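Everything numeric here is computed off the predicted structure, so don't read it as measured data. Hydrogens, waters and symmetry mates are skipped; everything else that's a heavy atom, side chains included, is used.
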Amino acid sequence: EEDLLNDVCREVVERWSDSQVVDAKEEKEDEVQAIASMMEKQARIVVKPKEVSQEEKQRKAALLAQYANVTDEEEYPFPAPLEARRLQSVIGPYPTPALFRNTNVEDVLNARKLERELLRDEFQKKKEQDKLQREKDKLAKQERKEKEKKRTQKGERKR
């Protein structure tokens with residue numbers, strides 16, 4: 001019976017290991033199939049080209065033609081900054097035209113100037129208020145002295 005039991009156990013283990021190998025093969029095949037189907041779906045996806053109307057094409061052509069009329073020598077609406085003129089001698093006679101003026105530095109300087117003026121005004125107001133307060137304190141002190149003086153004079157008269 002022991003031999004029979006060992007044979008049965010061995011057979012159970014062999015069948016179990018065979019089923020594990022088959023399951024692993026099926027899982028790999030499923031994964032490969034899933035990847036293949038995903039690749040087929042991606043291949044089927046077609047990007048439709050954007051349809052541009054005739055009006056948009058004409059607008060674009062007119063805009064490009066407008067910019068094509070500007071020559072390299074022209075200083076388009078603003079003169080080139082001093083730095084660009086200095087660079088012109090280094091990089092050659094054809095500088096890039098200035099399409100707009102960079103106002104960042106000016107804006108920052110103006111903001112600082114405005115802030116300084118506001119602070120100056122606030123300081124001046126505070127200085128005037130302090131002066132007025134000192135005068136009020138001086139008058140109040142003087143009035144107190146006068147009242148004290150009157151009180152002492154009344155007290156001396158009563159004696």
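Ion pairing between a basic and an acidic side chain is recognised when a charged N comes within 4.0 Å of a carboxylate O; Arg15 and Glu11 show such pairing. At a threshold of 4.0 Å, the pair Asp7-Arg10 counts as salt-bridged, since one of the basic side-chain nitrogens sits closer than that to a carboxylate oxygen. Salt-bridge formation is detected for the pair Glu55/Arg59: a Lys NZ or Arg NE/NH1/NH2 atom is positioned less than 4.0 Å from an Asp or Glu carboxylate oxygen.
Residues forming a side chain to side chain contact (heavy atoms under 4.5 Å, CB included) with Leu63 (at least two apart in sequence, or on another chain): Gln66, Tyr67. Applying the side chain to side chain contact (heavy atoms under 4.5 Å, CB included) test to Gln33 and every residue at least two apart in sequence or in another chain returns nothing. The side-chain hydrogen bond (donor to acceptor under 3.5 Å, both in side chains) test applied to Lys126 returns Asp130, not counting sequence neighbours.
Separation of atoms CD (Gln133) and NZ (Lys136) is listed at 6.0 Å; rounding is to 0.5 Å. Atoms CG and CG, from Leu109 and Asn104 in turn, are 11.0 Å apart once rounded to the nearest 0.5 Å.
If you check the side chains of Glu106 and Asn110, you find no donor sitting under 3.5 Å from an acceptor.
Few gaps surround CD on Glu56; more than 12 heavy atoms of other groups in view lie less than 6.0 Å from it. Within a 6.0 Å radius of CD in Glu117, other residues, nucleotides and ligands contribute more than 12 heavy atoms.
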Q: Run the numbers on Glu148 and Arg151 for side chain to side chain contact (heavy atoms under 4.5 Å, CB included), then give the verdict.
A: CA-CA 5 Å; Glu148 182 67 27; Arg151 244 188 280 136; 3.0 Å; yes
Q: Determine, stepwise, if the pair Glu146 / Lys149 fulfils salt bridge (Lys or Arg N to Asp or Glu O under 4.0 Å).
A: CA-CA 5 Å; Glu146 288 176 8; Lys149 192 176 183 181; over 6 Å; no
Q: Run the numbers on Asp137 and Lys141 for side chain to side chain contact (heavy atoms under 4.5 Å, CB included), then give the verdict.
A: CA-CA 6 Å; Asp137 290 346; Lys141 186 177 180 182; over 6 Å; no
